[in-house]
Amino acid sequence: MTDSAQPGTAEAPREAATHCPYCALQCGMTLHHAEGRVEVRPRQFPTNRGGLCQKGWTAAELLDHPERLTTPLLRDPASGELRPASWDAALTRITDGIRDIQTRHGRDAVAVFGGGGLTNEKAYALGKFARVALGTRNIDYNGRFCMSSAAAAGIRAFGIDRGLPFPLADLGRADTLLLVGANPAETMPPLMRYLTEQRDAGGELIVIDPRVTATARAATRHLQPLPGTDLAVANALLHIALTEGWVDHDYVAARTTGFDAVRRVVAGYWPALVERLTGVPVADLEATARALGTAGRVVILTARGAEQHAKGVDTVTGYVNLALALGLPGRPGSGYGCLTGQGNGQGGREHGQKADQLPGYRRIDDPAAREHVAGVWGVPADDLPGPGVSAYELLDALGTPDGPKALLVLGSNPVVSAPRATRIEARLRSLDLLVVSDFVLSETAAIADVVLPTAQWAEEDGTMTNLEGRVLRRRALREPPPGVRTDLAVLTELAERLGSPGRFSADPRTVFDELRRASAGGPADYAGVTWERVDAQDGVFWPCPSVDRPDTPRLFADRFPTPDGRARFHPVEHRPAAEEVCPDYPLYLTTGRVLAQYQSGAQTRRIAPLRTAAPGVFVELHPDLADRLGIADGDELRVTSRRGELLAPARLTPTIRPDTVFAPFHWAGTARANSLTNDALDPTSRMPEFKVCAVRVEKAGPVVTADGTEKVG
Ligand code: SF4
């Protein structure tokens, strides 16, 4: 630990140079501890250049928050209440429960669910814990809900999944920048500096989004398609580029395979047809294709708006095809990238907490990968379980006759964040044993049998990998409060109590050094990344296979990491959303985030300034639609889908399409937008279709309850 001080002591002021605990921009910040208070100060770092958003500024408020958990909680069988307990009692309850369940139902009856906010060390240790200490194939994580479609599209086209294959600074120098389904003005505001820089230099910024978001307002052109039709837009843009002669045929011939099949498919995406399908005028399609096809430096970025669909991989592939046809990947100042969302969404998907994966982005069904990793772990390769199922499929199997009977959750709050959340909450409640590690009583922790109080980001060392594939150092300012343990310490003790054949460590540097060995030779190779090197050069870009060799800020300059060194086109066709509108559910719902809240809101809903800025859920709808439905601004609404309902006040705005409503997903209970969302999965990435489903909207009338009081219902 670089610095440590107990909260509230009179020690000399201390500082730790670290990064924000929230999103994948991982803004640099300095934590300053003096007179019992921890203060956040922005820090010059290549990504945020001294900027922070409101979430970052207020991040330290949770450290000594009155709702902070500082003792384990055990559910009392008599009262059904969670009661404080000793660590020994909590860990005994967990290990006894695991042994009993695995004896009766087999090893896979215990499952693990991780998170995209865990450090690389914790994500690695969790994957190892599942495969070695528990011997279960059932592990996956909430990153499956965020970036998995772009990851799958990247792997099949480029042979590798690194969100941005170039540093963020390239955005500011792009002549044309296309953002598809991304709203960084609200999700990662300091990134907007690059877009301002780009526009100030005369660049064209084009945003594709069904809503006129804050980012769309900053653009030079905004395309506003019907939710779920981004793929058709991509194919139309490539159709126009082909017709106009903007395709880089030399690049296509020298560096890619499979273009002819794509050419045949996009030939059918006539702009007029796509206008009818998407609502985007032909003139906008043509102007966008021209801006992409005739500029020097061109960057295309996708985010959740393009990815969170049952055809998310194909939608992203449509934009990858476009980028390849224009010769962008590997061209200096140009390329395709994905804007990763969660803090360690990138690193969290590289080191083994995914169902099909071993550290270093190795596949768990690859015999050579199993041999290598099993060697590092000191266990026979044959003892490692095979691939499990994806996050939603895992959650949906909980408590069923053939599904897991116990679940260990780290760094996730699926009661709020899972699609079709009412069903998933019921599945979680049906478990014999639910264990949640968190630092506040999240909605998932509140229904657990055992809750373990864990350290926060300012109380742990480790590494994170940001949206650029840059490995960063998280540095501790202080020790965790008395009664709180780190996840690494808990996993180590649980492994020991379970008689694990592999050895575990509570020391993050020891874990990272083991991760380096386990990842060596894999696609996400960290073998040459050391904490000292990260400290010395503002982060290290993977792949970095040796301490003697430079890291890799830019990928694809000469070749792609595919067997023949070429990128691969894949023909993709538009298809309707998994659930289209109908007379009973005549409107599209799309969901997303707001500036002052983060993901399931378990942290940010507890921070007063953020709660003031974004106090609760709302439903955005167009004034024309509101007029048709007899709804006024502020009216309490009931939004109903085939899976559940949401109660929320109306917010009228002309910035949304009249056939679509929007709700943010940060709240719980009757305010939970994910009660509505569709659990249709992409066939490749297994990502759910969060971004579009069919709903009905009506005014919520007062309901008289059994005790005679009135409430909205
Ligand atoms: S943009 Fe992201 S990393 Fe930066 S301060 Fe805000 S939440 Fe934190």
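The first residue of the sequence shown is numbered 1, and numbering continues consecutively from there. As the structure lists them, so they are numbered: ligands from 1, and atoms in each ligand from 1.
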Task: D551 and R533 ion-paired at < 4.0 Å - done: no
Open item on the list: Both conditions, 6.0 Å and 45 degrees, for the charged tip of R651 above the ring of F618: are they met here?
Closed with: yes
- [ ] Check whether NZ of the Lys or CZ of the Arg R211 lies under 6.0 Å from the centre of the six-membered ring of F662 and within 45 degrees of that ring's axis.
- [x] yes
- [ ] Would you list the protein N, O or S atoms within less than 2.8 Å of atom 8 (Fe) of ligand 1, leaving out water?
- [x] C20 SG
Task: Proximity of F690 and F145 rings by center, below 6.0 Å - done: yes
TODO: Please check if the distance between the ring centroids of H351 and Y361 is under 6.0 Å.
DONE: no
Task: Ring centroid separation F158 to F556 under 6.0 Å - done: yes
